[in-house]
Structures are given as C-alpha cells and as structure tokens.
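Data block below; observations after.
Sequence lines set the chain letters: A, B, ... in the order given, protein chains first and strands last, and positions in each chain run from 1. Just so you know, these numbers use all the heavy atoms, side chains as well, and skip hydrogens, waters and symmetry mates.
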2 protein chains.
Amino acid sequence: MNLLDTARVYTGQTKILVAVDCIVFGFDGQQLKLLLFKRKVEPLKGQWSLIGAFIKEDMSLDDSAKQILLESTGLSNVFLEELKTYGAVERDPGERVISIAYYSLTRLNELDLDSVEEYDAHWFGLDEIPELILDHGEMVQLAIKRLREKVRRQPIGFNLLGERFTLPQMQILYESILQKELDPRNFRKKMLSFDILTKTREKDKSASKKGAFYYVFNKEKFDEFVANGYNFEI
Amino acid sequence: MNLLDTARVYTGQTKILVAVDCIVFGFDGQQLKLLLFKRKVEPLKGQWSLIGAFIKEDMSLDDSAKQILLESTGLSNVFLEELKTYGAVERDPGERVISIAYYSLTRLNELDLDSVEEYDAHWFGLDEIPELILDHGEMVQLAIKRLREKVRRQPIGFNLLGERFTLPQMQILYESILQKELDPRNFRKKMLSFDILTKTREKDKSASKKGAFYYVFNKEKFDEFVANGYNFEI
DNA sequence: ATAGATAATGTAAATGAAACACTTATAGGA
DNA sequence: TCCTATAAGTGTTTCATTTACATTATCTAT
C-alpha cells in the first residue's frame, strides 16, 4: 500500500503533535535582538529555547502564534509571519512534533516586561545567541536570512521602531539588520523617495545636541504605494 | 490555564492530522501548466484537487512530499520546496487537518504518463484552472506568486526545461511564468551574462528553418555563481 | 563665545535596464 | 537552383538607478 492509496481517508491515519515556535526580533536602538526563553519543562529543562506551544484543537496556526506572542510579551498587533515548518521525524527527543516556526518584529520598548520576566526571557544580540534546543538554532538562522531579504523589499522596518522615529535611528536599524554600513545621504534619499514618511516638528535630542527630526509612518501613502506594486530596495 | 503554561508538556496534548499537498508545475513548451487530480474519496469525491497525503509516523515532511510526487508522476530529483502551512481550524470539512503545501517544478516530458493517468490527473493552463476543493485554490495562487518572485532571483527555470534547451524556448518559459513579453535581445544578453549556460553544437529545428542552438545548464559555473552571492534578476 | 558632536544636504560618475531594427541561416516550394 | 518565408541571432543608444563622496547647519554645554 502506498501513500496515495490512503490519501484523504481520515480514519486510521496517524495524528501528530503540532507546535508553533516564535522567533521574536526586537530593536533596542543600537542593535537587532532576539528574545529567548529558558525552557521550564523536561526534557532539556533550563536550556535556551524559542517560545512555543502546542496547537490546540480549536485554534488556527496564526492565532496560536499570536497568542503565544501576546502571553509572552504582552504585544498584539505585531508583524508576524510564517517562516517554515519543521517536520523531521526525530527532531524532538520527547515525541514526534511538527513545528511551524513564525517570526515576528516587535517594538522592544513597548514590551510588557512583567510577562517577559515571568517566562525567564532574555534579549540576545545576534552575535551572542547561545546554543538552542532542538532545531531552534536553525530556525533562527533562517529567520535572520529571511528578514534580511525581506527588509530590502518591504518596509517592515517600521515594525521594529516606535510610533515615531528619526532617520538616523532607522538607518542604524537597517545597518544592524543588513550588517553593513550605509551611506547616510543615500539612505535618506532612498527612504524619503518612497514618500511614505511624514516629518514632524519635534526632534529627538537624546543622541545629539542638534537633534534629529522625528518622522511618522504614513499608512495612507504606503497603501497607495503597495497598490501600485511597490519595490522597496534599500 | 494559558497556552504557555502547558508548553512542551507532551502528555495530554491534542494530536492532529497532518497532510502534505503538492502543487506541481510543468512546462509543455508553450505555457506553464498545473497538474491536478480528481479526488477519489469522500468527502468531495470527484472534484479537482491537488495531490496530497497524510503524514506517516515515520516520514519527514520533505520525504512525504517527495514520495507523493514520485508516486503520482514517477519523478524524483525534482525541484520541491515548501510553500506555506495551512492550519485554519475548519479548512477540511471531514476533520481538522493541517496541511503543508509544497510546490514543485517538473519536466513535463519526463513524466511517467501511466502514473499520472492512474491517478486521474490532468494538466491545466494557468488560465483554465478549475475550482479546487478546500483551500487548494488559495495554495495554487500563492504558489504562482511565489514562482514569479523566485524565478526572478534564482535560475529555477532549468527545472522546468529538459536537459538541453534553446534560448527561445527558455524565453517562452519565462514569458509564460511572468505573463509578459520580454525583449529577445535583452533576455539573451542577461541570461548569457550569468555565464551558467554552455552552448552545444546541435540545433533544434522543430520551431524554425534556421534552427536554434541547444544550450545546457552548467552546474559547476552555477555553483561558483551561487557561492559568490548571486543576483539573478531577469 | 566657542567647541564639540551629530544631522542634514547635493552632485558627479558609473552601472544597469530598457528600447529599438536589421542581418543571418535554413527548409521547402516554385 | 533560386527564391521566399520564418524564426534566430546580434549592438547601440537612451534613460534610470545606484554609488561615491565632503561640507554646512544646528544645538548644548562649558
């Protein structure tokens, strides 16, 4: 009997544990960071891990991911996207688990610190990520790669910044994601050319005496931009 | 009790049916086609569907997808990549099923026609795709979108052509994927500039009296190309 | 008043993409 | 065998985009 002979016959099929794991990125103004958790249960208790949970009978994958994020960080309405599904037979030593990895971009300063502490979490710079359980390290590396690709095509950087931000802040963010220095003149020119930022009259003076003007993301213009089939290369 | 309190406690968790569905693309020399199957079992028997099967206990997702493809088309060693995982609670009326969609690019002329016929399959042009069961239509649309993006960045076109091919054939393929006409001078210039094609001495005379030279894909040069961090915009 | 530090700005050169038309090779029929 | 029809093959110019690069402006603190 081969695979297809039994296709779509529901009874007698193997059911499997399914989990969602979240790769949570945040930006602290200097560098891109990753939120990791100390695993609380056996096996592998005490080791660093992504946050995740099993899928419940009555919840979709996307909703599960959203809820995990809400419970662990207090954040909702964040950028959250499926990364890849991991389904090697022996990937979890406890029992077979298929895991759908999601990655999210969060505003680090809006985080609910109580939630985070409750779960024994810690932010790590990308160059100081500890060894992770199972295939979580692989998930993280793929997420970083995907983020680098995506940030060049879509303006997802806003998800990592606060409501308002300065162009120098934004440049630092892009530099920390792409891991390379960008020319400030070219960066500003390009970023402003999309015409999706609105300059405010206030300045952020925390980083310099002169101060840098705050900008806000202009959703209406962005929606037009998307409708016209955007191209957002940095 | 919230989601995270129970995270990674294996016992007592809900197990779920998990399936793999394959979107199979092929190119017949004129247009890009999609392989669809008449569903053989209830519910929804007789309707058009992607080919798929439930995951067995002892097989990874990737291997399941490979095997499905092998059984239904006789093809192995084809381009096969995860597309997205579909996990809405009510997506399957029979019972909850989480499905990992894969898409593959095959050489239509190498297909095992017996296998295909045995499964009541049919090739459809992208403009004549019938209504599909469940969320398979959505999967197909996403796969087409992904293919269009991907073909601009990676030389996956080779997977849809035979061992050897002419540049006009290749241009038709790209035009049928991207759904727009390309300038033959610019296309050839660009394609040859990657330096991953080797010209042979034979010509294909089926399409013209003059005949077009066959080229073959040069894997060594391509590997160099990849190693240097390619960029394959068409 | 000045020094120090970051923000803000423009232009020229190089590269890459797009637009465009004619010549070449061959088979098949006159 | 010569002519015709048909698709294959080829270069150049224009335009747009990207990269490289240096100075002035603004403000605070001393």
Side-chain angles (χ1 to χ4, degrees), chain A residues 29-31 148-149 151-153 155 161 164-176 178-216 225 228-234, chain B residues 29-31 148-149 151-153 155 161 164-176 178-216 225 228-234:
Chain A
Q30 291 310 309
Q31 55 171 330
R148 286 198 181 130
E149 290 163 3
V151 86
R152 289 178 158 274
R153 313 206 182 299
L161 295 163
R164 59 183 196 168
F165 45 83
T166 67
L167 286 174
Q169 282 168 2
M170 192 165 218
Q171 185 178 339
I172 291 169
L173 169 62
Y174 274 84
E175 288 178 334
S176 85
L178 297 174
Q179 296 280 41
K180 69 171 182 183
E181 295 205 345
L182 300 171
D183 180 280
R185 286 157 294 190
N186 294 339
F187 179 80
R188 298 173 73 94
K189 205 187 310 169
K190 189 84 193 228
M191 197 56 74
L192 292 173
S193 76
F194 301 124
D195 203 29
I196 53 173
L197 297 186
T198 307
K199 190 177 185 175
T200 70
R201 296 168 162 269
E202 290 109 77
K203 280 185 165 185
D204 164 40
K205 294 202 173 152
S206 66
S208 78
K209 290 166 180 170
K210 178 174 178 179
F213 283 103
Y214 280 115
Y215 285 76
V216 295
F225 180 65
N228 301 335
Y230 55 50
N231 177 13
F232 193 82
E233 293 275 337
I234 298 300
Chain B
Q30 290 309 310
Q31 54 171 330
R148 287 197 179 130
E149 290 163 2
V151 86
R152 290 178 158 275
R153 310 202 185 299
L161 296 162
R164 58 183 195 168
F165 43 83
T166 67
L167 285 175
Q169 282 168 2
M170 192 164 218
Q171 185 177 339
I172 292 170
L173 169 61
Y174 274 84
E175 287 178 335
S176 87
L178 297 174
Q179 296 279 41
K180 70 171 181 182
E181 296 204 346
L182 301 172
D183 180 279
R185 287 156 293 190
N186 293 340
F187 180 80
R188 297 173 73 95
K189 206 186 309 169
K190 189 84 192 230
M191 197 55 75
L192 292 173
S193 75
F194 300 124
D195 203 30
I196 53 172
L197 298 186
T198 306
K199 191 176 184 173
T200 70
R201 295 167 164 268
E202 290 109 77
K203 280 186 166 186
D204 165 39
K205 295 203 172 152
S206 66
S208 76
K209 290 167 180 170
K210 180 175 178 178
F213 282 103
Y214 280 115
Y215 285 76
V216 295
F225 180 65
N228 300 335
Y230 54 50
N231 177 14
F232 194 81
E233 293 275 337
I234 296 301

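In this structure, A:Gln171 atom CD and C:dT9 atom C1' are separated by 14 Å, rounded to whole Å. Spacing between atom CG of B:Leu182 and atom P of C:dA19 amounts to 11 Å, rounded to whole angstrom units. Nucleotide D:dA20 holds its C1' atom 15 Å from the NZ atom of A:Lys190, rounded to whole Å. Between the C1' atom of D:dG9 and the CG atom of B:Asp204 lies a distance of 15 Å, rounded to the nearest Å. Per the geometry, NZ belonging to A:Lys209 stands 17 Å off P belonging to C:dA8, to the nearest Å. Remark: P of D:dA8 and OH of B:Tyr214 are 12 Å apart, rounded to the nearest angstrom.
Note on B:Arg185: every side-chain N or O is 4.0 Å or more away from OP1 and OP2 of D:dG9. The phosphate of C:dG10 has neither OP1 nor OP2 within less than 4.0 Å of any side-chain N or O from A:Lys189. One finds no side-chain N or O of A:Arg188 lying less than 4.0 angstrom from the OP1 or OP2 phosphate oxygen of C:dA7. Proximity of A:Lys205 to the phosphate of D:dT28: a side-chain N or O atom is located under 4.0 Å from OP1 or OP2. Of the side-chain N and O atoms in A:Lys210, none sit less than 4.0 angstrom from OP1 or OP2 of D:dT28. For the OP1/OP2 pair of D:dA8 and a distance below 4.0 Å, the side-chain nitrogens and oxygens of B:Lys203 include no atom meeting the criterion.
At a threshold of 4.5 Å between non-hydrogen side-chain atoms, the residues B:Glu202 and B:Arg164 count as touching.
Checked against D:dC21, C:dG4, C:dT26, the side chain of A:Asn186 finds its nearest nucleotide in D:dC21.
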